[in-house]
Protein chains: 2
Amino acid sequence: MSRICKDGFDEECIKEQREVYGIAYTQNILSGRWKYLILWFLKFKERRYNEIKTFLGGISQGSLTKQLRELETDGLINRKIYPEVPPRVEYSLTSKGEALIPIIDLMEEFGKRFGDKVD
Amino acid sequence: MSRICKDGFDEECIKEQREVYGIAYTQNILSGRWKYLILWFLKFKERRYNEIKTFLGGISQGSLTKQLRELETDGLINRKIYPEVPPRVEYSLTSKGEALIPIIDLMEEFGKRFGDKVD
DNA sequence: CTGTATCCATGGAGATACTG
DNA sequence: CAGTATCTCCATGGATACAG
């Protein structure tokens with residue numbers, strides 16, 4: 001993300017630097033086609049790798065693993081490994097990840113209200 | 001966006017189809033590196049093409065025009081042309097676009113709270 | 001089951017030049 | 001001032017094959 005703000009704007013925008021940065025930050029950690037959906041799916045309970053994969057339908061393993069790693073790196077989800085055979089890994093939201101849920105819920109509402117019907 | 005949901009999930013997810021679709025819809029109309037920022041910038045007042053361009057800093061004309069057209073097509077912003085010389089065009093939020101502002105504000109808050117400091 | 005490694009296709013975004 | 005038209009580049013994501 002390149003420079004965001006220049007000078008010469010009205011007072012509403014003075015605080016701009018920080019506000020704009022906040023938006024960009026949030027957008028960045030949510031960038032990726034599946035992250036909103038993964039987070040939304042995790043809000044109910046922790047889920048295993050394959051549950052998420054099935055839920056997302058079309059995603060490939062490579063992509064899913066990558067998205068999951070990014071979410072983990074950004075501190076949005078926990079990854080808990082059970083030393084069993086066959087392996088079991090469960091993903092859950094961190095508190096930071098949970099703080100994102102209200103945003104996703106709002107997006108859901110917006111989409112239901114304004115999106116073209118899907119039925 | 002490919003298929004989203006399969007069957008066989010717990011009751012929290014029954015309504016899934018509609019909810020997930022809502023999220024995907026909202027995500028889609030906000031896809032693009034600059035749209036959140038453009039919307040945020042318009043929330044204070046209507047703005048001219050070059051104001052937006054300057055505000056965004058690094059964006060090229062080609063990209064800006066494209067993002068603006070998409071926002072207009074999705075019904076998020078109005079484009080008002082003043083038949084003057086030199087030309088003047090002002091962009092403003094539609095009511096649908098305004099409905100997105102709470103989401104962007106939440107993202108801003110989240111970013112300020114959890115993002116690495118920028119000072 | 002839960003990954004990793006590799007390659008390839010696609011689309012978003014920037015640069016540049018031109019126009020009413 | 002406010003665009004349009006091209007062209008190019010690169011990151012993201014998907015497919016496929018292989019592994020602990």
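Residue numbers begin at 1 in each chain, while the letters A, B, ... track the order of the sequences.
Of the two residues near DNA chain D, B/Gly62 and B/Val89, the one whose nearest nucleotide lies more 5' is B/Val89. Two residues, A/Ser31 and B/Pro86, neighbour DNA chain D, and the one matched to the more 5' nucleotide by heavy-atom proximity is B/Pro86.
DNA chain D lies under 4.0 Å from no heavy atom of any residue of residues 70-84 of chain A.
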Pairs of donor and acceptor atoms involving the side chains of residues 61-68 of chain A, under 3.5 Å and at least two apart or interchain, shall be tabulated with distances.
| unit_1 | atom_1 | unit_2 | atom_2 | d |
| --- | --- | --- | --- | --- |
| A/Ser63 | OG | A/Ser60 | OG | 3.2 |
| A/Thr65 | OG1 | A/Tyr49 | OH | 3.1 |
| A/Thr65 | OG1 | A/Gln61 | O | 3.1 |

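Using a 4.0 Å cut-off between charged side-chain N and carboxylate O, A/Glu90 and A/Arg88 make a salt bridge. Comment: B/Asp105 engages B/Lys43 in a salt bridge, judged by a side-chain N to carboxylate O separation of less than 4.0 angstrom.
Ranking C/dT2, C/dG12, C/dT4 by closeness to the B/Lys66 side chain, first place goes to C/dG12. Distance from the side chain of A/Tyr91 is smallest for C/dG3 among the nucleotides D/dA2, D/dG13, C/dG3.
As rounded to whole Å, 9 Å separates atom P of C/dG12 from atom NZ of B/Lys35. One can place CZ of B/Arg69 at 7 Å from C1' of D/dG3, the figure rounded to the nearest angstrom. B/Ile38 places its CD1 atom 14 Å from the P atom of C/dG12, with the value rounded to the nearest Å. For the pair A/Gln61 CD and C/dG3 C1', the computed distance is 7 Å after rounding to whole Å. A straight line from CZ of B/Arg33 to C1' of D/dC10 spans 12 Å, rounded to a whole angstrom. The distance between atom CD of A/Glu51 and atom P of C/dG3, rounded to the nearest whole Å, is 13 Å. One interatomic measurement links the two molecules: CD1 of A/Ile59 to P of C/dT2, which rounds to 14 Å at whole-angstrom precision.
Residue contacts shown for B/Gln67 are limited to sugar-phosphate atoms, with no base heavy atom under 4.0 Å away.
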